[in-house]
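Given the structure is predicted, the values throughout are model-derived calculations rather than measurements. Just so it is clear, the values below take in all heavy atoms, side chains as well, and ignore hydrogens, waters and symmetry mates. Naming: A, B, ... by sequence-line order, numbering from 1 per chain.
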Amino acid sequence: MSIKLKDVNLTYSPGTPFSADALIDVNLEIERNQIVAVIGHTGSGKSTLVQVMAGLQKPSSGEVLMDDFVMYKKDTDRKKLRRKVGMAFQYPEHQLFEETVERELSFGLVKQGRSSEEIQEQIHKAMHFSKLTDDMLIRSPFELSGGQMRRLAIASVIAMEPDYLILDEPTAGLDPAGRDEILSGLQAWQKETHKTVILVSHSMEDVAKLADQILVLANGRLLMSGSTAEVFSRSAELQQVGLDVPQMTALMLALREKGWDVPKYAMNVDEAFLAIRSVLRRARS
Amino acid sequence: MNMLKGVTIGQHYPADSMIHKMDARFKIIMILLYVVALFTAAGPISYIIMILFAMFVIVSAKIPYRLILRGLRPILWIVGFTLILHTFSTQEGTVIWQWSRFSIYNGGILRGIMMGLRLILLISITSLLTLTTTPIDLTDGLEALLKPFKKIGLPAHELAMMMTIALRFVPTLIEEADKIIKAQTARGADFEEGGLIARGKSMLPILVPLFISAFRRADDLAMAMEARCYRGGEHRTKMKELKSSMQDYMGLAILTLLLILMAFFRFAQIDSWQALL
């Protein structure tokens, strides 16, 4: 069970002077039950790639398979596809439109043709994810704070229980607290449901904290794909395409250059601390 | 899914051509002359001249004809509607088909075709104006042309500014709408199913966010303009002054001739579509 892209190419406005290659020969596979981060410099094709995966942007050529399901065919069952994959765009709160929070959450569920009990149950779960209190259900979504609106918008996608949840920069423009709330919520949701989360992110710290697997895009091509430790240990290549490594990884690499025997990769301060301490202990003994 | 792909209104197509280099003021007047000439054109010969002229301009502007065709796509149904309406409502010429109370005259079909052609030429030639002129030149030109009316209280600069902003935001809003459509699709909305009412209702999830974002943008823009001390038309100088050249006057002369020719054909009754009946 996985998402598979085979020789996917995508050109925007082909045959005009505005023609631009967004994706070039992309081949990849994403297994289920993990968090996958897509990173890359601005204009590297991240957003296009996730839109292709979500069934929203037809590639110019190539094949997209979702589990046993071939996407972008004439006879593709769109209803079924929408149950498999959900996506929240950048600034998803800009897509809110309903009169109440409750109707916002049930929008997709009604479209899926769920029973009213099921809808209530899903709304309840989604409210739990978005950390909104039940008295907010009858309020207008436009009365909420920015962070709350963001969580509500993401929750409205989560409520539909997609097998694959795709998020394009879910924390863009939020303060650190709002950012942590969303990321920890997503992580908890993934642990609980064992679904697949694919997220585009600019923050290497977030990626290091959350992701099991990383896809690195550069100029529309897939540059690297592998586990988080694998990808971040290739920092020189990352820096070449204008990407950073997490701060603690950068520290490890700097220490290695000085001759310290520390691992190439550290996800967070705790890991870095343990690595440095063990080196110091070895040096002392 | 990409319903908005074909919209080319307000789009600029950069190229190095004689038409691109012309003075925006002259271009606007020439377009007006062409439109008047188009409505003066009375018969097949006039239409052929108008079509050939439009083709000549498009070719010399180095605009790919596909771009023009794409811009025509949204009005095709209006053209079709015009054709049908004229076919059934005109009662001139001879009857070529009859069924109970409905009858089609050959005059009706001819008139329908002419009206359709008129629409197509109208859109092609006016879209050529924005395709070959940068929005800034266009509004500068418009402002210059409206200046004489300032004496009677017409806010020329403000109008031109509003035009610039409107034109500037057409592609932005199209992009925005496209994104919102995708986002709502990902949330389970379906815009391609159901009857007319269901489809109308399904526009709500697009329109509400689109309006909100348009207002937000307007707000931001107003704030940004104010922060840079924008004060409207008073004592404002231009970095690039519009300059007219020999070519502009020649173009104007050609268009004037075209209009005179069309008027002559019409009023001397040399060319008329009734002659085809």
Side-chain angles (χ1 to χ4, degrees), chain A residues 12-18 47-48 50-58 72 78-79 81-99 103-114 141-142 149 153-162 164-168, chain B residues 1-8 11-17 20 62-71 131 171-194 198 201-217 220:
Chain A
Y12 284 119
S13 346
T16 71
F18 311 107
S47 293
T48 310
V50 290
Q51 282 180 32
V52 168
M53 290 180 187
L56 296 169
Q57 181 76 54
K58 193 177 188 301
Y72 303 112
R78 285 205 303 268
K79 278 242 159 67
L81 174 74
R82 291 280 148 254
R83 296 193 80 136
K84 275 197 168 300
V85 55
M87 177 168 174
F89 275 71
Q90 256 177 59
Y91 299 100
E93 64 271 27
H94 292 173
Q95 271 93 58
L96 299 175
F97 70 98
E98 281 284 14
E99 284 159 47
R103 289 182 59 170
E104 198 71 62
L105 287 172
S106 61
F107 173 71
L109 297 166
V110 173
K111 297 275 173 192
Q112 284 183 338
R114 306 247 190 145
F142 299 103
M149 274 164 91
I154 295 176
S156 75
V157 179
I158 282 186
M160 291 156 64
E161 294 186 296
Y164 296 92
L165 175 67
I166 299 176
L167 302 153
D168 194 350
Chain B
M1 214 163 284
N2 291 310
M3 314 182 199
L4 302 160
K5 229 180 185 171
V7 186
T8 52
Q11 204 182 349
H12 176 63
Y13 181 92
D16 182 29
S17 83
H20 280 79
K62 294 182 185 162
I63 303 276
Y65 65 95
R66 267 182 295 127
L67 208 61
I68 304 276
L69 290 183
R70 217 182 320 151
L131 281 170
T172 311
L173 284 180
I174 289 172
E175 214 170 275
E176 184 92 16
D178 195 47
K179 202 181 117 189
I180 293 169
I181 289 171
K182 278 183 183 166
Q184 304 295 24
T185 312
R187 285 177 65 188
D190 201 331
F191 306 108
E192 285 154 51
E193 253 172 43
K201 258 190 180 165
S202 76
M203 294 311 275
L204 211 61
I206 302 173
L207 290 179
V208 174
L210 194 60
F211 266 92
I212 294 173
S213 105
F215 282 123
R216 189 175 42 234
R217 275 180 204 283
D220 288 351

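Contact annotation for A:M87: both backbone and side-chain heavy atoms come within less than 4.5 Å of a heavy atom of chain B. Heavy atoms of A:E104 lying under 4.5 Å from chain B belong to its backbone as well as its side chain. A:Q112 does not touch chain B: none of its heavy atoms, backbone or side chain, sits under 4.5 Å away.
Side-chain atoms of A:R82 come within 3.5 Å of backbone atoms of B:T185 as a donor-acceptor pair (strictly under, hydrogens ignored).
One finds the CD atom of A:Q95 at 11.0 Å from the CD1 atom of B:I181 (value rounded to the nearest 0.5 Å). Here the CD atom belonging to A:Q51 is positioned 4.0 Å from the NZ atom belonging to B:K182, to the nearest 0.5 angstrom. The distance from the CG atom of B:L204 to the CZ atom of A:F107 is 9.0 Å, given to the nearest 0.5 Å.
The most heavy-atom pairs under 4.5 Å with chain B, out of A:S156, A:A88, A:P92, A:A153, come from A:S156. Between chain A and the options B:R66, B:K179, B:Q184, the largest number of non-hydrogen pairs under 4.5 Å is found for B:Q184.
More than 12 heavy atoms of other residues, nucleotides or ligands shown are found within 6.0 angstrom of OH on A:Y12. The environment of OH in A:Y72 is crowded: more than 12 heavy-atom neighbours from other residues, nucleotides or ligands sit within 6.0 Å.
In this structure the side chain of B:I206 never reaches within 4.5 angstrom of the side chain of A:F97, judged on heavy atoms.
Applying the ring-ring contact (aromatic ring centres under 6.0 Å, His included) test to A:H94 and every residue at least two apart in sequence or in another chain returns A:Y91.
Smallest separation of non-hydrogen atoms from A:L96 and B:P209: O-CG, 3.9 Å.
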Kindly indicate, with the supporting measurements, whether the criterion side chain to side chain contact (heavy atoms under 4.5 Å, CB included) is fulfilled by B:I212 and A:F142. CA-CA 10 Å; B:I212 294 173; A:F142 299 103; 3.3 Å; yes
